[in-house]
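Only heavy atoms go into these numbers, but all of them, side chains included; no hydrogens, no water, no symmetry mates. The chains referred to below are lettered A, B, ... by the order of the sequence lines, with proteins before strands, and numbering in each begins at 1.
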2 protein chains.
Amino acid sequence: MSNPVAATIKEIAERLKVSPSTVSRALNNNTRIGKETRDKIQQLAKELNYEPNARAIFFKKQKSYVIGVVVPFIREEFFSQAISGIEAAAMENNYTILFGQSYDDPDRELTVLNAMKRQGVDGILISLSKKTRFAGQEAEFEKLGKPIVFFDRVPGTDQAHQVYCNVYKGTVQMVNWLMGKGYKRIALINGPGELLASRQRLKGYMDAISARKLKVNMQLVETTDFSKEATTRVVNGLLKMKSPPNAIISFNEYVHMDAVRAAEEKGIRINQELLFASYANLAITGYTAHPPVLSIEQFPYQQGEKAVEMLIRVLDEPHTEAFLQEEIDPQLIVHY
Amino acid sequence: MSNPVAATIKEIAERLKVSPSTVSRALNNNTRIGKETRDKIQQLAKELNYEPNARAIFFKKQKSYVIGVVVPFIREEFFSQAISGIEAAAMENNYTILFGQSYDDPDRELTVLNAMKRQGVDGILISLSKKTRFAGQEAEFEKLGKPIVFFDRVPGTDQAHQVYCNVYKGTVQMVNWLMGKGYKRIALINGPGELLASRQRLKGYMDAISARKLKVNMQLVETTDFSKEATTRVVNGLLKMKSPPNAIISFNEYVHMDAVRAAEEKGIRINQELLFASYANLAITGYTAHPPVLSIEQFPYQQGEKAVEMLIRVLDEPHTEAFLQEEIDPQLIVHY
DNA sequence: TTGTACGCGTTATCAT
DNA sequence: ATGATAACGCGTACAA
């Protein structure tokens, strides 16, 4: 069961009466080397099914070819897709990924990051926990001494490498579509104002309305802390208004599902008398009774891929000063 | 951004005019060492915030403290939970995990496994792809030269370390519950017969019925290839029977969701005139219109934990002959 | 109690 | 074109 042979460069060298360095060169046929000896070496290497010892190489090169990846919850489809993208891009570049969850807990997040540091990862990809206040915490991240690329849930500063989807644009598109179809009373169930994602949604919402010379009715903008209870309360409040909304945009699809359930309990005919819209375009909503009619695809898989590429770029050019940023355009999806 | 200092044992030794080995011993305070020098060393180490170089240690010890984990799809909640359990147990034991998906493709599975081998993982945890026929393929796995622990989707042999949940028992419980409540015509939408999981379900189903001196009606046992189309066809067939079933057990909750949709389209009042049962007890079904009334919890998180522990045991005692097996009892969940 | 010397597998540098 | 040597950071057997 344990590794049967594990031929080393040294062994090959001895057998062929050449020096280890010659073998090394022949195997990495980069340097100029005698065609004859090279063939001989490569053949024997194959016979002995030589496999380079990754541990030794990484040790020598002071590189591990391992990337640490931290996300809040892998059980959320958004993140599992992002991780799939990361995995694909990492393999493509001969990197492997070390993986950890923050469970949206900043302390746990730091614990995981430090574990990764100890493991000697080359760099880190992270989607921040909802409760992480990056401002004031920069030191903790700096202290890791590892290049970091943030993705999707990025810090609200441009002093960091990051890949994200501009939800602002998506929100504008969504409101425009709704307005165009005659939905004038659009409610927004937003997340806590501290979240960058919440601020982007709100700004998009307000700008899109203002652009049509309409006035934003702040009674239609509510906030949930993502608990089912809070969302239910908000929905009930909206439904009780004198002139209730005819469309509801939920912060994400988990909020959406709770909102739908709350409205259903009040006897609302979902997506008929009240249209539901949301963010993320997750496959699981396809199995629910009432998927959102509008959703904003944020391309988690692609974000993951881009994040890996960005990190590798940073690793390859360690002395670049500038912070890299990549913005991915969201896409408005209309489900009929 | 790059590692600021990275103090090494050597540096500490030079500063304190002692030898590197003394520092090493002081830091791993295992060997006998002068209390005084030890304190001095440990203090300086802290000041310089010395961190052992994992790469060097792993190289030295011929160990990586990295475990490879392969699952079909992380987007399936069952596996994301298993991975969470693995992650927790691994951290507990100072291991980290290298992660890859097979996407239920045996070729891809081997590619990923070989990548992990090259990376020098200490051992492997894997839940087999649905299409992997282990019999006849053992050689491929042996060739990795790494200890392997299978979990949940285990090979159909006892010549392997494995952790699994005995679905047979769960199925017996489920059928018993149904029979006890007066559901006599119970359909089973099973998976392909090649799958161990399918055979376990079928045997449980048949045994539970036989135990009550009843005859198994094979017309009520159907097979799906997990595609929506196949499941829909099967459901339609069942509904057209002269005396159709009053309960349907689906292979898993994805099949369940498709089955429910098919029945709904035929105007069936779900879980009223026809009761639905399933396996896995996933949280996502809680968001669907019609979760299964019965479900069998298979404890993926615990399976992951146990698998890690088993692998570590194998790694610690490399010369044990016997194959370790651990069976987890499922639990019948009744949702009202 | 502490120091010396060596080795893990590989690659880079310098010499030949 | 190839060999010799050193070095990466650490642990440890052996010597003192």
Is the shortest side-chain N/O distance from [X] to OP1 or OP2 of [N] below 4.0 Å?
X: B:Lys60; N: C:dG9; answer: no
X: B:Ser19; N: C:dG3; answer: yes
X: A:Lys10; N: C:dC8; answer: yes
X: B:Gln62; N: C:dG7; answer: no
X: A:Asn53; N: C:dC8; answer: no

For this session: Choose from D:dC10, D:dT2, D:dA13 the nucleotide whose nearest atom is closest to any side-chain atom of A:Arg25.
Result: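 Among the listed nucleotides, the one closest to the side chain of A:Arg25 is D:dT2.
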For this session: Name the closest nucleotide to the A:Tyr50 side chain, picking from C:dT10, C:dT11, D:dT12.
Result: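 Side chain of A:Tyr50 sits closest to C:dT10.
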Exercise. How close or far is atom P of C:dT4 from atom NZ of B:Lys17, stated in whole angstroms?
Worked result: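 Taking atom P of C:dT4 as the reference, NZ of B:Lys17 is at 13 Å.
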Problem set entry | Residues forming a side chain to side chain contact (heavy atoms under 4.5 Å, CB included) with A:Pro52, sequence neighbours excluded |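 Testing A:Pro52 for side chain to side chain contact (heavy atoms under 4.5 Å, CB included), a comparison that skips the adjacent residues, returns A:Tyr50, A:Ile57.
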Exercise. NA contact type, A:Phe58, heavy-atom cut-off 4.0 Å: base, sugar-phosphate, or nothing?
Worked result: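 A:Phe58: no heavy atom of the nucleic acid under 4.0 Å.
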For this session: Look at all strands and tell whether B:Pro52 reaches a base, only sugar-phosphate, or nothing, counting heavy atoms closer than 4.0 Å.
Result: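 Sugar-phosphate, no base atom in range.
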Pairs under 3.5 angstrom only: tabulate donor-acceptor contacts from the side chains of residues 304-318 of chain B to other protein residues two or more places apart or in another chain.
residue	atom	partner	partner atom	Å
B:Lys306	NZ	B:Glu326	OE2	3.3

For this session: Identify, between B:Ser21 and B:Phe59, the residue whose nearest nucleotide on DNA chain D lies closer to the 5' end.
Result: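 So the residue in question is B:Phe59.
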Exercise. Which angle, rounded to 10°, do you find between the first-five-pair axis and the last-five-pair axis of the helix from C:dT1-D:dA16 to C:dT16-D:dA1?
Worked result: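 The end-segment axes of the helix from C:dT1-D:dA16 to C:dT16-D:dA1 are tilted 50° relative to each other.
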Problem set entry | Exceeds 12 heavy-atom contacts within 6.0 angstrom, atom CZ of B:Arg133 |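 Yes.
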With sequence neighbours excluded, tell me which residues meet ring-ring contact (aromatic ring centres under 6.0 Å, His included) with [X].
X: A:Phe99; result: none
X: B:Phe58; result: B:Tyr65
X: A:Phe59; result: B:Phe59

Problem set entry | Whichever of A:Glu51 and B:Val18 has its nearest DNA chain C nucleotide further upstream toward 5' |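 First, find each residue's nearest nucleotide; the 5'-ward one identifies B:Val18.
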Problem set entry | Of B:Gly34 and B:Ala56, the one whose closest DNA chain C nucleotide lies more 5' |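 Between the two, 5'-proximity favours B:Gly34.
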For this session: Output yes when B:Lys61 and B:Asp122 qualify as a salt bridge under the 4.0 Å nitrogen-oxygen rule, no when they do not.
Result: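 Looking at B:Asp122 together with B:Lys61, the answer is no, because their closest N to O distance does not fall below 4.0 Å.
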